[in-house]
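Working notes, structure below.
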Amino acid sequence: MSNNILVTGGAGYIGAITAWELVRAGYSVVALDNLSKGHREALPPDIPFVEGDIGDPKVVEEVLNVHKVGQVIHFAAFSLVGESVAQPWIYFENNLVKGTRFIETCVRNGVKNFVLSSTAAVYGDPVQVPIPETHPLRPKNPYGFSKLGLENVLESYHQTHGLNVAFLRYFNAAGADATGEIGEDHDPETHLIPIIFQTALKKREKVFVFGGDYDTPDGTAIRDYIHVTDLARAHIAVLEGMEKGLSHHAYNLGIGRGYSVLEVIREAQEVCGHEIPYEVAGRRAGDPPVLVADNRRFLDTFDWRPAYDSLRAILRTAWQWHKNYADGYAGGGDDAV
Ligand code: UDP
């Protein structure tokens, strides 16, 4: 069996940083991305890159065979809660329908290990915090349903075809590569931390805080922010663990500590030394009040510890990236002419 690793959505935020971490760890990687959201510049320049769609079996078959792929990390997906509430079908089509076709193509072409980029959105409103993997699975938006659906599809291929599977349920990915050269660049940007730093850089007038009336200490929503490089390294740990036979399929990936939106704004002000204007606005549809991981299953199973164990450390890397690339990849780096 070949150990070459296919990273789908490799030009996206988490996919690209995972590709870089795999290359740095000495793995042989090929990236597939349709560039609907991703950035070719984010990928390591010297790995094979195929521009194509996960829902196109011909393209996928060719990538798997030409590059002798034995393992897959599947990131390619739409991932915005608000957008999924407004347009459920594109989430079901892109994430679940195309994702299922992709898995089937992988299985028919000899892939043995499959790691799914999943999400805490599979849990819905928590009935227990921190949230363990055994928490009821009741998504409250189409994005969460689409990922839960794909987890179930994989579980089924595990049962019927012996595919080794793992679902990594991320809490909130944040931060940037330590080089300050690879980071978050979405269009439109909807994520809290990039929006905060764009405001610090005067690209926006203020941050709108979505909901000030949640049942939390300061009334704003609480999330568990995990550094994107720690997430990337967790995928590598899982692929390595698959060779030894994993004990579970689902794993939470978070730091295990939550921060409210206002706490994130305050910490970000400390990091960048700028006042960040904000205004409390209405809640965003589909948002649970609190998402904090019980990450003990992952910590107990793998030789992995978060290298960035405070929000401030995470924010520092994000600030560096946003200062370097105030207009994203398209604007070039700070030393670009
Ligand atoms: N949020 C906010 N204002 C924004 C963007 C996000 O108050 O402009 C809140 C959002 O409602 C959630 C938290 O910040 O409670 C993190 O949102 P983000 O979109 O970054 O990640 P998500 O939790 O949706 O994956």
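Just so it is clear, the values below take in all heavy atoms, side chains as well, and ignore hydrogens, waters and symmetry mates. When a ligand or atom number is given, it counts from 1 through the structure's own listing order. Predicted model, so just to flag it, every value in this text is computed and none were measured.
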Using a 4.0 Å cutoff against the non-hydrogen atoms of [X], which atoms of ligand 1 qualify?
{"X": "A221", "answer": "15 (O)"}
{"X": "N172", "answer": "16 (C), 21 (O), 22 (P), 23 (O), 25 (O)"}
{"X": "V209", "answer": "7 (O)"}

> Is L6 close to Q71 at the side-chain level, that is, under 4.5 Å between some pair of heavy atoms?
Replying inline: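 No, every pair of side-chain atoms sits at 4.5 Å or beyond.
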> Given the rule that I, L, V, M, F, W and Y join up when any side-chain heavy atoms are under 4.5 Å apart, are L22 and V238 in one cluster?
Replying inline: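 Yes, it is one cluster - the side chains of L22 and V238 are joined through contacts under 4.5 Å.
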Counting the benzene-type ring for Trp, do [X] and [Y] have ring centres under 6.0 Å apart?
{"X": "F302", "Y": "Y251", "answer": "yes"}
{"X": "W89", "Y": "F145", "answer": "no"}
{"X": "H235", "Y": "W304", "answer": "no"}

> atom 10 (C) of ligand 1: which of E189, H191, R284, Q198 has the nearest heavy atom?
Replying inline: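 Shortest heavy-atom distance from atom 10 (C) of ligand 1: R284.
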Sub-3.5 Å N/O-N/O distance, [X] and ligand 1:
{"X": "F210", "result": "yes"}
{"X": "Y225", "result": "no"}
{"X": "V81", "result": "no"}
{"X": "F208", "result": "yes"}

Which heavy atom of the protein is the closest neighbour of [atom], given with residue, atom name and distance?
{"atom": "atom 5 (C) of ligand 1", "value": "T190 O, 3.3 Å"}
{"atom": "atom 20 (O) of ligand 1", "value": "L192 N, 2.8 Å"}
{"atom": "atom 9 (C) of ligand 1", "value": "V261 CG2, 3.8 Å"}
{"atom": "atom 11 (O) of ligand 1", "value": "D287 OD2, 2.5 Å"}

Under-4.0 Å salt bridge between [X] and [Y]:
{"X": "E51", "Y": "R40", "result": "no"}
{"X": "D56", "Y": "K98", "result": "no"}
{"X": "E61", "Y": "R108", "result": "yes"}

> Is the NZ or CZ atom of R283 both under 6.0 Å from the centre of the six-membered ring of Y214 and within 45° of that ring's axis?
Replying inline: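 Verdict for Y214: a cation-pi partner in R283.
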> Taking non-hydrogen atoms only, is I195 closer than 4.0 angstrom to ligand 1 via side chain, backbone, both or neither?
Replying inline: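 Looking at I195 and ligand 1, just side chain atoms fall under 4.0 Å.
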